[in-house]
Amino acid sequence: MENLIKSKILENAESLFQTTISEQQVQLQKTRKDVEGDLTLVIFPFVKMMRCSPLEAGAKIGDFLLKEIPAISNYEVVNGFLNLVIGNDFWVEQLKTINDTANYGLVAPNSKAAIMVEYSSPNTNKPLHLGHLRNNFLGYSVAEILKANGHKVIKTQIINDRGIHICKSMLAWQKFSPINESGERETPQNTGLKGDKLVGKYYVEFDKHFNTEAKAIITNWEQGQFDAVSTEVKDEFIRLTEAKAGKDEKAVKGIDDKIKDLAKNQTSILKEAKEMLVKWEAKDPEVYALWTTMNQWVYDGFAVTYKEMGVDFDKLYYESDTFILGKDIVEKGLNSGVFFKKEDGSVWIDLTADGLDKKLVLRSDGTAVYMTQDMGTAVERFNDFNDLSGIVYTVGNEQDYHFKVLFLILEKLGYSWAKNCFHLSYGMVDLPEGKMKSREGTVVDADDLMEEVVKTAFEMTKERGHIEGLSDDELNALCKMIGLGGLKYFLLKVDPKKRMKFNPAESVELNGNTAPFIQYTHARIQSLLAKSAMDLSSIAPSSINDSEKEIIKQLNDFPTIIAEAGKDYSPAVIANYSYELVKLYNQFYQSVTILNESDESLKQFRLILSKNVATVIKTAMRLLGIDVPNRM
RNA sequence: GGUUCCGUAGCUCAGCUGGAUAGAGCAACUGCCUUCUAAGCAGUAGGCCACAGGUUCGAAUCCUGUCGGAAUCACCA
């Protein structure tokens, strides 16, 4: 309809305005709720060229459209806005089309370019937490939204299974895990702990010893004991200590942190961990075996968590495989002059002309940095999937700079797909008390949280659900649907880019802008449809009211919303749309009677309208990774 | 300090490719279950859209500056 109006105006610009106009000047928008009309044309742009008042200009265009487009039944000009009323027949037709369209709102699968969506990508040294939940739900949902837009999607993650962090857990386990009567150290099997939890426990254990040792070293330094310390370190300590004089509290804290880092680097436990990393890189059999075993524990633990989350992956990348990649690309970049080499042998790129800094891409000892392997991995992925057009990286916004640099480097290296790489940058999740801090034990564990929300859903459902006759399995499935749905929706309804506050109490809320509210509406409709038991084929209501029209309009927007959510990589767009739809439906539901309606044509129309609302709810929620029940 | 992002009701968030009187939910208060699921609906109250300029017929939205908050600027990952 918008397009029709636009083209009519553009075609007849000559006679209407005595001049041609650009498409941009034809601004159509939805009419405000509180005035009569469905579509509104902004007429300010035409006032000057028509040499008359906004009122007259509006009337002239209104008369023209009324004559040209039969579906337009009336118009009104208010304050420079031409409000067009579109006849009910048109909206009924729209509903018919929606009802007849299979997979309404979705673009034909695999009809558009292949996109890889990377998300999750955890370290294997500790369990997943609240921040990972936002990441996973977001990545999964964006993948589904891109599929709905017709793209072929490859869901992936890169598992950070190597590096000093995993050596820390391994070392701590080796040193500090108690040995039981059968001579074994702690394992998931003999402790009953989830593998990721067990490994995480030893990461914390390492940190504890690490800090204790560092503190002892600082105490020694403060007492003037610098045995076995290089003069550089000693001088640095003295320099930093002196620098504290006269500084404010914040600056002193910053310096203290630097001193702590200095001391940490001198600890024997870190040295041991570093030695272990060297052995790992040399594929020392013993270290490698331990690494394989402990990583497997983590993978097994993660698998349980992912299953509960309802997310999955099509292809996995492991950093232990990819960390060697990228060096050949550095070589190529050196030859083509994109990179330059310093005297010490380190390789850099100068991005100052692009408003960024100089960035290291290869260490002086020839080993890779993060950037090196990210370049290599990207290229690898395009080799692995020859139809791949782009990659979406779901990674927190603390890495904004990293990705800006990465994409720019890839572009400079001449990879044409670099412009199709997108950093889906999302904000951190804060608690009501502020940031999550592992040191202060305020990190919200993913497993615990999911268990908690399901438990709450259980209590609420027992209290007010319609669950007579449900088996235990059905009840459990329902509560999981409600609890996890609520959690997902809570994390997805906020614009991904924005930092958000996570209030545990609000995340299990059932009223207002929540998944249970939406799920509830779906269940209500299903109940209606089950009771109606009539053939729903003919749509020919004697008349329709405003609340019905508003619902059709909202349904009509669904394809546009999916496109918008895809373009913006934003599940929040889908969430907010669904909430609007459900609110409109509930208003309608509460204001008319459906099953007891005596006018059969009207009754049938309302049932079909309801059915399509339920279908759109279900599709929309599916794009968020949320299931909807038939009763609750 | 440089760069980037953010600042909308008491709280959590929409609205941001400029358009009419800035919207929801939560919390507070009023009503509505002899009728299809009250996890619902209707209503009341709550705002110098951080601040100051500028562009425009028109600014929460665009530009500049100020203030406040966050992230980042490693031969860490």
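Naming convention: chains lettered A, B, ... in sequence-line order (proteins, then strands); numbering from 1 in each chain.
- In summary, the side chains of A:E509 and A:N511 do present a donor paired with an acceptor at a separation below 3.5 Å, with no hydrogens or angles considered.
- Place A:K342 and A:M460 on RNA chain B by their nearest nucleotides, and A:M460 ends up nearer the 5' end.
- Atom-to-atom, CD of A:Q399 to C1' of B:C76 comes out at 11 Å; the value is rounded to the nearest Å.
- Rounded to whole Å, the distance from CD on A:E509 to P on B:A39 is 13 Å.
- Judged by the 6.0 Å and 45° rule, A:K341 forms no cation-pi pair with A:W348.
- The aromatic rings of A:F46 and A:F17 lie parallel to each other, with less than 30° between the two planes, well short of the 60° mark.
- Contact check, A:Y520 against B:A39: a side-chain N or O comes under 4.0 Å of OP1 or OP2.
- Distance noted for atom P between B:A22 and B:U56: 24 Å (whole Å).
- If you take atom C1' in B:U17 and the same atom in B:C76, they sit 40 Å apart, rounded to whole Å.
- Of the candidate nucleotides B:U72, B:U35, B:A39, B:A39 has the atom lying nearest to any side-chain atom of A:L510.
- In the set B:C36, B:A42, B:A39, B:A39 carries the atom at the smallest distance from any side-chain atom of A:I482.
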Pair A:S610, A:Y589 - check side chain to side chain contact (heavy atoms under 4.5 Å, CB included), show working.
CA-CA 9 Å; A:S610 301; A:Y589 180 90; over 6 Å; no
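- Within the 4.0 angstrom heavy-atom criterion, no nucleotide atom of any strand lies near A:V582.
- Across all strands shown, A:N586 has heavy atoms under 4.0 Å from sugar-phosphate atoms exclusively, and none from any base.
- When the C1' atom is compared between B:C49 and B:C16, the two are found 11 Å apart, to the nearest whole Å.
- Contact annotation: A:K498 reaches the phosphate of B:A14 (side-chain N/O to OP1 or OP2, under 4.0 Å).
- Atom CE in A:M371 sits about 10 Å away from atom P in B:C73, given to the nearest Å.
- Ranking B:U72, B:A70, B:A39 by closeness to the A:R499 side chain, first place goes to B:A70.
- Taking atom NZ of residue A:K501 and atom P of nucleotide B:G7, one finds them 14 Å apart after rounding to whole Å.
- A donor-acceptor pair shorter than 3.5 Å can be found between the side chains of A:E56 and A:S53.
- Checking B:C13, B:C57, B:A14 against the side-chain heavy atoms of A:K48 singles out B:C57 as nearest.
- Put simply, the side chain of A:N630 reaches to within 4.5 Å of the side chain of A:H522, judged on heavy atoms.
- Atom name P, nucleotides B:C6 and B:C62: the rounded distance is 9 Å, in whole Å.
- Atom NZ of A:K553 has more than 12 neighbouring heavy atoms from other residues, nucleotides or ligands inside a 6.0 Å radius.
- Residue contacts shown for A:D495 are limited to sugar-phosphate atoms, with no base heavy atom under 4.0 Å away.
- Atom C1' of nucleotide B:C41 and atom OH of A:Y589 are separated by 11 Å, given to the nearest angstrom.
- Among the atoms of the strands shown, none is found under 4.0 Å from any heavy atom of A:M428.
- Checking A:N586 against A:R524 by side-chain atom types alone, a donor-acceptor pair falls below 3.5 Å.
- Residues A:N503 and A:E398 each lie close to RNA chain B; by heavy-atom proximity, the contact nearer the 5' end of the strand is made by A:N503.
- Straight-line distance between the P atoms of B:A9 and B:A50: roughly 8 Å, to the nearest whole Å.
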Show me the donor-acceptor pairs within less than 3.5 Å that the side chains of residues 562-576 of chain A make with the rest of the protein, sequence neighbours left out.
{"residue": "A:S570", "atom": "OG", "partner": "A:A572", "partner atom": "N", "Å": "3.3"}
{"residue": "A:N576", "atom": "ND2", "partner": "A:A572", "partner atom": "O", "Å": "3.2"}

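- One N or O on the side chain of A:N135 and one on the backbone of A:T394 form a donor-acceptor pair closer than 3.5 Å.
- Atom pair A:E463:CD and B:A38:P shows a separation of 16 Å (rounding to whole Å applied).
- No contact: A:K497 has no heavy atom under 4.0 Å from any strand.
- The salt bridge (charged side-chain N to carboxylate O under 4.0 Å, His left out) pairs that include a residue from residues 39-53 of chain A number zero, where partners must be two or more places apart or lie in different chains.
- In this structure B:C33 sits in the syn conformation; its chi angle is within 90° of 0.
- Ring-plane geometry between A:Y393 and A:F403 is classed as tilted, the angle between the planes lying from 30 to 60 degrees on a 0 to 90 degree scale.
- Near RNA chain B, meaning a heavy atom under 4.0 Å away, the residues from residues 359-367 of chain A are A:L360, A:R363, A:S364.
- Picking from B:U4, B:U37, B:U72 the nucleotide with the shortest atom distance to the side chain of A:R631 gives B:U37.
- Rounded to whole Å, the separation between the P atoms of B:A28 and B:A70 comes to 31 Å.
- A:Q519 places its CD atom 12 Å from the P atom of B:G40, with the value rounded to the nearest Å.
- Residue-level contact check: A:D400 touches neither bases nor backbone, having no heavy atom under 4.0 Å from any strand.
- Regarding A:F490, its CZ atom lies at a distance of 15 Å from the P atom of B:C11, rounded to whole Å.
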How would nucleotides 17-25 of chain B be written as a contact map, 5' to 3', with B for base contact, S for sugar-phosphate-only contact and - for no contact, using protein heavy atoms under 4.0 Å?
--BBS-SSS
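- The salt bridge (Lys or Arg N to Asp or Glu O under 4.0 Å) check on A:R162 picks up A:E281, A:E319, with sequence neighbours excluded.
- Under 3.5 Å, the side chains of A:N295 and A:T124 contain a donor-acceptor pair of N or O atoms.
- Using a 4.0 Å heavy-atom criterion, one finds that A:N630 contacts the bases of the nucleic acid, with or without backbone contacts as well.
- B:A71 and B:G15 have their P atoms separated by 24 Å, with the value rounded to a whole Å.
- Of the candidate nucleotides B:U37, B:C6, B:A77, B:U37 has the atom nearest to the side chain of A:S527.
- A perpendicular orientation is assigned to the rings of A:F517 and A:Y579, their planes being inclined by more than 60° (bins at 30° and 60°).
- Between the P atoms of B:C51 and B:U8, the separation comes to 10 Å (whole Å).
- For RNA chain B, runs of at least 3 consecutive pairs of the Watson-Crick or G-U wobble type, with both hydrogen-bonding distances under 3.5 angstrom, map to B:1-7 with B:67-73, B:10-13 with B:23-26, B:28-32 with B:40-44, B:50-54 with B:62-66.
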